Amino acid sequence: MPEPTTMYAVVSGTRLQMLMERTGTGEGVKSRTLAEDVGVAHGTIGALMSGAQRTVPEHKAKAIAARLGVDLLVLFIPMERAGRALIPAQQVSA
């Protein structure tokens, strides 16, 4: 049986937007370009920024953080399933 994928919650849509305006290289990146570069739907990036979507699988979270040039935990919080609710696996200050 495959191991369940860890989900990661974006710390805040505002932080994502800020990091997109000035990536680790100092350049900005548009949401459509970010989505194409990391292999996610354009709507996923928009939904993370607006708060309509809070979580993505670990591989997508890592790809987004890497493209933006930041450590994974600067932008995402690992989540664990507890019954039907998602709870942080660890607390990260925003």
Side-chain angles (χ1 to χ4, degrees):
M1 188 160 92
E3 192 163 316
T5 301
T6 300
M7 298 297 286
Y8 279 73
V10 70
V11 170
S12 78
T14 303
R15 182 174 293 180
L16 173 57
Q17 188 171 6
M18 179 190 70
L19 292 170
M20 289 171 58
E21 290 171 4
R22 184 175 177 108
T23 67
T25 64
E27 304 271 328
V29 64
K30 301 284 185 194
S31 60
R32 187 169 302 279
T33 303
L34 175 60
E36 290 171 1
D37 289 351
V38 301
V40 301
H42 176 249
T44 298
I45 302 300
L48 289 171
M49 288 193 301
S50 72
Q53 179 177 339
R54 290 225 34 224
T55 61
V56 292
E58 182 176 18
H59 71 280
K60 290 181 182 181
K62 285 181 176 181
I64 292 168
R67 173 59 180 88
L68 296 176
V70 299
D71 184 77
L72 178 65
L73 297 179
V74 167
L75 186 56
F76 291 97
I77 301 169
M79 307 299 281
E80 293 179 351
R81 231 175 239 294
R84 297 177 58 97
L86 287 173
I87 57 169
Q90 66 182 34
Q91 293 296 323
V92 177
S93 61

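On a predicted model such as this, the values are computed, not experimentally measured, just so you know. When a residue number appears, it is its place in the shown sequence, counting from 1.
Listed here is the closest heavy atom pair of T6 and M79: CG2-O, 3.6 Å. The two atoms that bring A35 and H42 nearest to each other are CB-CA, 3.6 Å, heavy atoms only. Smallest separation of non-hydrogen atoms from V70 and L19: CG1-CD2, 3.8 Å. Across all their heavy atoms, L72 and A65 have their closest contact at CA-CB, 3.8 Å. Across F76 and A61, no two heavy atoms sit closer than the pair CE1-O, 3.6 Å. Closest non-hydrogen pair, L34 versus R67, comes out as CD1-CG, 3.4 Å.
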**Request:** Please step through side-chain contact (heavy atoms from CB on, under 4.5 Å) for the pair V38 and K60, ending with a clear verdict.
**Result:** CA-CA 7 Å; V38 301; K60 290 181 182 181; over 6 Å; no

**Asked** Hey, mind stepping through L68 and T23 against side-chain contact (heavy atoms from CB on, under 4.5 Å) and telling me if it holds?
**Response** CA-CA 5 Å; L68 296 176; T23 67; 3.9 Å; yes

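To the nearest 0.5 angstrom, L75 atom CG is 8.0 Å from L48 atom CG. Taking NZ from K62 and CG from D71, the interatomic distance works out to 10.5 Å, rounded to the nearest 0.5 Å. Atom CE of M20 is separated from atom OG1 of T33 by 8.5 Å, given to the nearest 0.5 angstrom. Note: I45 CD1 to K30 NZ = 14.5 Å, rounded to the nearest 0.5 Å.
Checking each of T14, L16, V10 against M49 for a side-chain contact (heavy atoms from CB on, under 4.5 Å) leaves exactly one that passes, namely L16.
Looking at heavy atoms from C-beta onward, V40 lies out of side-chain contact with V56 at the 4.5 angstrom threshold.
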